Amino acid sequence: MGMLEPQFFELPTLELTEKLLGKIFVHVLPGNVQLKGRIVETEAYSGTGDEACHAWRGKTARNRIMFQKPGTLYVYFTYGNHFMLNIVSEPENIAGAVLIRAMEPVEGLQFMQEQRGTTLTTNLMSGPGKLTRALAIDTKSNGKNLFNDEFFLENAPSLEENEIGTTTRVGISKSRELLWRKFILNNPHVSKGRVT
DNA sequence: AGCGTGATCTTT
DNA sequence: AAGATCACGCTG
């Protein structure tokens, strides 16, 4: 299956949040080291009305990437330790993004194990801070897009509705009622204790 | 269940 | 300028 094209990302954020499940995220390091993970857990963050979205009050120095074209990477630093990986959604000048919360390791396991200091595959990428560490992603990648040979998504079949779980989002204090978290049911690589 | 760790944003 | 918050992960 080939690389996903820009048109794939032209969907409402919540729809894209589902469509990204099962797709293969690829980061190619210098020396042609290929790191690949299958996306198994995502969350939608979108514009006005969602107070948990960084951009709900408008554009700032940090969130400006959320206003760029769909398929752009929005990476930010939080809790003094962790980088969060998002894929921008919505047309240019409208804020939206999908937080990638967990992946299933597919290629580059040895590199990931060294990065993470563990060998247990269900612990390598089972959280948003874990997966950026495993994939060697930090704010240097903020603003890059998924249409080049460093970062891209490999296509894969979409999930059936009955294979997808839906809940409220994790770790937020505002807009807690929105059912904007999507994940692959019964997949052991979703973030800890949240497989169903 | 508690805490580290530092950028970002709000309030003074 | 100071204080609060934070789309988390690890130890205990």
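Below, read A as the first sequence line, B as the second, and so on, with proteins coming before strands; counting in each chain starts at 1. The structure displayed is predicted, hence computed values, not measured ones.
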Strictly below 4.0 Å: does [X] bring a side-chain N or O up to OP1 or OP2 of [N]?
X	N	result
A:Arg181	C:dA7	no
A:His54	B:dT8	no
A:Arg116	C:dC10	yes
A:Thr78	B:dT8	no
A:Thr60	B:dC9	yes

Could you state the [atom1]-[atom2] distance from [X] to [N], rounded to the nearest angstrom?
X	N	atom1	atom2	value
A:Arg133	C:dC8	CZ	C1'	13 Å
A:Arg62	B:dA7	CZ	P	13 Å
A:Glu43	C:dC6	CD	C1'	14 Å
A:Lys130	C:dC8	NZ	C1'	10 Å
A:Ile65	B:dA7	CD1	P	18 Å
A:Leu85	C:dC8	CG	P	13 Å
A:Arg64	B:dC9	CZ	C1'	16 Å
A:Glu51	B:dT10	CD	P	12 Å

Just to be sure I understand the rule, does [X] reach a base, reach only the sugar-phosphate, or reach nothing, if contact means heavy atoms closer than 4.0 Å?
X	result
A:Met125	nothing
A:Arg169	nothing
A:Arg176	nothing

Do [X] side-chain atoms and [Y] backbone N/O form a donor-acceptor pair below 3.5 Å?
X	Y	value
A:Arg181	A:Val170	no
A:Glu90	A:Thr13	yes
A:Thr139	A:Asn142	no

Original post:
Which listed nucleotide (C:dA7, C:dG9, C:dC6) is nearest to the side chain of A:His82?
Top reply: C:dG9
Original post:
Which nucleotide in the list B:dC9, B:dT5, C:dA7 gets nearest to the side chain of A:Asn81?
Top reply: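 Selected nucleotide: B:dT5.
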Original post:
Would one find more than 12 heavy atoms of other residues, nucleotides or ligands at under 6.0 Å from atom CG of A:Asp149?
Top reply: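 No, CG of A:Asp149 has 12 or fewer neighbouring heavy atoms, counting only those of other groups under 6.0 Å.
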**OP:** Taking atom C1' in both C:dT5 and B:dC3, compute the distance separating them and give it to the nearest angstrom.
**Re:**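 Between the two C1' atoms, the distance is 15 Å.
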Original post:
Parallel, tilted or perpendicular: which describes the rings of A:Phe151 and A:Phe25, with under 30° parallel and over 60° perpendicular?
Top reply: tilted
**OP:** Name the pairing partner of B:dG4, where a pair is Watson-Crick or G-U wobble with both distances under 3.5 Å, or state none.
**Re:**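 Base-paired to C:dC8.
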Original post:
Ring centroid separation for A:Phe9 and A:Phe147, is it under 6.0 angstrom?
Top reply: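 They qualify: ring centres under 6.0 Å apart.
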Original post:
Is there aromatic stacking of A:Tyr45 against C:dA7, centre distance under 5.5 Å, plane angle under 30°?
Top reply: yes
